[in-house]
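The chains referred to below are lettered A, B, ... by the order of the sequence lines, with proteins before strands, and numbering in each begins at 1.
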Amino acid sequence: MENESEVTISHLSGFIKLDEERREVIKEVEDLKCQQNRANAEISAAKKTGADVKAKLEEMKAISEKVKVLDSKQSEIEKKIEEVVLYLPNICHETTPVGASGDDNVEIRRWGTPAKFSFEPLSHADIGVKLDILDFDRAAKITGARFTVLKGDAARLERALISFMIDVHTGENGYHEVLPPYAVNRDSMRGTGQLPKFEEDLFKVTPSGYYLIPTAEVPVTNLHRDEMLNFEALPVKYVSFTPCFRAEAGSYGKDMKGLIRQHQFHKVELVKFTAPETSYEEHEKLVADAEKILQKLKLPYRVMALSTGDIGFSAAKCYDLEVWLPSQNTYREISSCSNFEDFQSRRAQIRFKRNPKAKPELAHTINGSGLAIGRTLIAIMENYQNEDGSVTVPEVLIPYMGGITKIGAFKGYSPQGQQQQAQAKETNAKAMTNK
RNA sequence: GGAGAGAUGGCUGAGUGGCCGAAAGCGCUCGACUCGAAAUCGAGUUUCCUGACACAAUCGGGAACCUGAGUUCAAAUCUCAGUCUCUCCGCCA
C-alpha cells in the first residue's frame with residue numbers, strides 16, 4: 001500500500017507539470033493554425049483574381065513546418081498524460097471505510113444462521129470427489145491446474161443455478177438479459193479499467209490479440225462505450241451470464257483445493273448505468289438483488305463493506321457478499337458489488353443528456369455478481385450435505401433439476417473408478433491415523 | 001481462404017484539393033396558424049480541447065467526415081497501412 005501511494009504522489013506532481021506544458025504548446029500551435037486558416041482564405045481569394053501568392057506560400061511553408069513540430073510535441077505530452085491518468089485508481093466514496101487491508105473491512109449485516117451438523121461436514125471438494133461429480137484429476141490432465149470437470153448432477157446443478165438466477169433477475173428484479181462475446185478488444189478492457197494495469201491477470205488470445213473476459217462487466221459495460229444514453233431510460237439494467245477467465249497470476253498456493261479459485265468459472269453479472277444522483281441508491285438496490293438469490297437458496301451470508309485497503313482499482317465503494325462455508329468454518333466471498341461512479345464512464349465515454357439541449361454528463365456505472373455460479377455450487381454442496389454423502393437440492397432449484405431432490409453419485413462411465421480410489425485413499429488415511 | 005464494394009452529423013444521403021462543420025431530406029426543439037391536433041410556414045438543432053470571466057451565460061481560437069501515417073501553403077476529397085461493414089464464391093458448428 002505504501003509503495004503504491006508513493007508512486008501515485010510522484011505521478012501527480014509530474015502530471016501537473018505536463019498539464020502546464022500541454023496548455024503552453026496548445027496556445028502556441030493554435031495561434032499558428034489560426035494564421036494558416038486566415039492565409040488559406042487569402043490564397044484562395046488571390047487565385048481567383050490571379051494575384052501573385054509566391055511570397056505568401058513561402059511564409060506559410062515555414063509556419064507549416066513549425067506546426068508539424070508542435071503537433072507532435074503536443075501528442076507526445078498527451079501520451080505521457082494518458083499514461084499517468086490510466087494508472088490512477090478511483091477515489092473512494094466517503095462512506096468507504098478507511099483501512100490498510102481486508103482486515104479493516106466492516107461487516108454491515110448478516111442473514112441466516114449457519115446449520116449445526118451432527119457429523120463432521122466435508123469440504124465440497126471431498127464431497128465432489130466421493131460422488132465423482134467434481135473431477136479435478138482429469139481436468140488437470142486435459143488442461144491443467146485450476147480447472148475442473150463437472151459431471152452428472154454437479155453439471156446439472158451448475159446449469160440450474162444459471163437459469164434460476166437469470167430468471168429471478170429478469171422476472172422479479174427488472175434486469176434485461178444480454179449474452180455478450182467472451183473475448184473483447186483492448187479498448188473494452190481499458191474502458192472498464194482492467195488495462196493497462198492488470199494485463200498479467202488476463203488471458204490473451206492469439207492471433208487476434210483479443211482478451212478473454214474476466215467478468216461480464218467488461219463486455220456489458222462496454223455495450224454503451226462512446227454512446228449518449230437517453231436520460232429517461234436511466235437506470236439501464238442488464239443481467240448477463242458468461243464464463244469468466246482469470247489468469248490468477250500471483251495467487252500461487254492460495255485455495256488450491258476445490259472450486260474456489262479457478263481459471264475458468266461461470267458468473268451471472270448485474271450491470272447498471274445510472275444518473276450520478278441516484279447511483280448510491282441503485283448500488284444498494286443491486287446489492288439487495290444479489291442477496292435475494294442467497295435468501296431464496298437459504299444460504300447464510302454476511303455483507304461486508306470493503307475498506308480503502310482492500311477495494312479494487314476502479315471502485316469508489318464496494319460490498320462483498322460472503323457465504324457461509326461449513327468446512328472452512330467461515331464466510332467466503334461469493335459476490336462483489338461496486339459503484340464505480342464515473343471512473344469507467346470517463347474512460348469509456350458513457351454519457352447522457354438530461355434534455356436534447358443539455359450538456360453531456362458522465363453516467364455512473366455499477367455492477368455486481370448475482371452470483372458467482374461455482375461458489376454458489378460450493379455453498380450448496382457444503383451447506384446442504386447429508387451424513388450419507390448425498391446433497392439435498394434447495395427447494396427453489398428442484399424445478400430446474402428435473403424434479404430430483406437429492407444429488408447423488410455420478411452414474412456415468414468412470415474407467416479408473418475415481419470414487420473407489422477416493423474411498424481407498426480415505427481408508428488408508430484412517431488406517432494411518434489409527435496407528 | 002478467394003473476389004469485389006463501402007465507412008460522412010440522431011438517421012438517409014450529397015460532396016473528388018481551398019469559398020465544406022459539411023447540401024438536401026427525415027427526425028427533434030421552439031414559434032406562428034388552430035378550440036386543439038394534423039397539414040403548412042418560420043427559426044433553431046454535433047462533440048471535444050483551449051482562452052477571456054469568480055461561476056454560469058456568452059464570446060474568441062483550434063480540432064474532428066472509420067483509425068494511423070504521408071503528400072501539399074491547404075485534405076472529407078490524393079497516397080500508403082490498418083480496422084470494421086456489406087455482397088459473391090469456398091469451407092464449417
Could you check Q36(A) against S75(A) and say which one's nearest nucleotide on RNA chain B is further toward the 5' end?
S75(A)

Interatomic distance where CD belongs to E78(A) and C1' belongs to A64(B) [whole Å]:
13 Å

Which part of the nucleic acid, if any, lies within reach of K47(A) when heavy atoms closer than 4.0 Å are counted: base, sugar-phosphate only, or nothing?
base

Atom pair distance, as rounded to whole Å: CG in L70(A) and C1' in U50(B):
15 Å

Whole angstrom value for the distance that separates C1' of C19(B) from CG of N40(A):
11 Å

Nearest-Å distance for atom pair CG/C1', residues D226(A) and U67(B):
13 Å

To the nearest 0.5 Å, what is the distance between NZ (K151(A)) and CZ (F410(A))?
5.5 Å

Criterion side-chain contact (heavy atoms from CB on, under 4.5 Å) against F164(A), the qualifying member of V268(A), L297(A), T376(A)
L297(A)

So which nucleotide does U85(B) pair with, by the Watson-Crick or G-U wobble rule with both distances under 3.5 Å?
A5(B)

Between the side chains of R261(A) and S251(A), is a donor N or O closer than 3.5 angstrom to an acceptor N or O?
no

I need the E24(A) CD to I77(A) CD1 distance, nearest 0.5 Å.
8.5 Å

Starting the side chain at C-beta, find the nucleotide from U47(B), G18(B), U50(B) nearest to P360(A).
U47(B)

Between E361(A) and the options K353(A), R354(A), R351(A), the side chain to side chain donor-acceptor pair (under 3.5 Å) test singles out R354(A)

Does A43(B) pair with anything, Watson-Crick or G-U wobble, both distances under 3.5 Å, and if so, with which nucleotide?
U29(B)

For the side chain of K33(A), starting at C-beta, report the closest nucleotide among C73(B), A63(B), G61(B).
A63(B)

Write down the distance separating the P atoms in C49(B) and A57(B), rounded off to the nearest Å.
14 Å

Separation between the P atoms of G17(B) and A75(B), rounded to whole Å:
14 Å

Would you indicate, yes or no, if U47(B) has its OP1 or OP2 atom less than 4.0 angstrom from a side-chain nitrogen or oxygen of K353(A)?
yes

For C19(B), give the paired nucleotide (Watson-Crick: N1-N3 plus N6-O4 or O6-N4; G-U: N1-O2 and O6-N3; both under 3.5 Å), or none.
none

Please round to the nearest 0.5 Å and tell me the distance separating atom OH of Y384(A) and atom CG of L299(A).
5.5 Å

Looking at K68(A), does any N or O in its side chain come under 4.0 Å of the phosphate oxygens OP1/OP2 on U71(B)?
yes

Please pick, from U50(B), G18(B), G61(B), the nucleotide with the shortest atom-to-atom distance to any side-chain atom of I43(A).
G18(B)

So which nucleotide does U72(B) pair with, by the Watson-Crick or G-U wobble rule with both distances under 3.5 Å?
none

Side-chain N,O (N37(A)) to OP1/OP2 (A74(B)) below 4.0 Å:
no

When rounded to whole Å, the CD to P distance for the pair E58(A) and U72(B) reads 13 Å

Give the rounded distance in Å between these two atoms: CD of E65(A) and P of U71(B).
9 Å

M60(A) or D19(A): which one's nearest nucleotide on RNA chain B is closer to the 5' end?
D19(A)

Using atom C1' in both nucleotides, what's the gap between A64(B) and C30(B) to the nearest angstrom?
29 Å

Would you please confirm or rule out a distance under 4.0 Å between OP1 or OP2 of U72(B) and any side-chain N or O of S64(A)?
no

Give me the distance, rounded to whole Å, that separates G10(B) from C28(B) when you measure between the C1' atoms they each carry.
8 Å

Please give, in whole Å, the distance from C84(B) P to R186(A) CZ?
16 Å

Whole angstrom value for the distance that separates C1' of A63(B) from CD of E30(A)
7 Å

Going by purine N1 to pyrimidine N3 plus the second Watson-Crick contact, or the G-U wobble pair, all under 3.5 Å, which nucleotide sits opposite A24(B)?
U12(B)

Are H176(A) and Y238(A) an aromatic pair by the rule of ring centers under 6.0 Å?
no

According to a strict under-4.0 Å criterion, is R351(A) in side-chain N/O contact with OP1 or OP2 of C48(B)?
yes

Please determine, for the side chain of M228(A), which listed nucleotide (G62(B), U47(B), C73(B)) has the closest atom?
U47(B)

What is the base-pairing partner of G60(B), counting Watson-Crick and G-U wobble geometry with both distances under 3.5 Å?
U50(B)

With rounding to whole Å, what would you report as the distance between U8(B) and U12(B) at their P atoms?
8 Å

Are OP1 or OP2 of C49(B) and a side-chain N or O of R22(A) less than 4.0 angstrom apart?
no

Can you tell me how far C1' in A76(B) sits from the matching atom in G18(B), rounded to whole Å?
13 Å

Roughly how many Å apart are C65(B) and G21(B), using the P atom of each and rounding to a whole number?
11 Å

Residue that, paired with F340(A), satisfies side-chain contact (heavy atoms from CB on, under 4.5 Å) out of E217(A), K317(A), H364(A):
E217(A)

Rounding to the closest angstrom, what is the interatomic distance between U29(B) and U67(B) at atom C1'?
34 Å

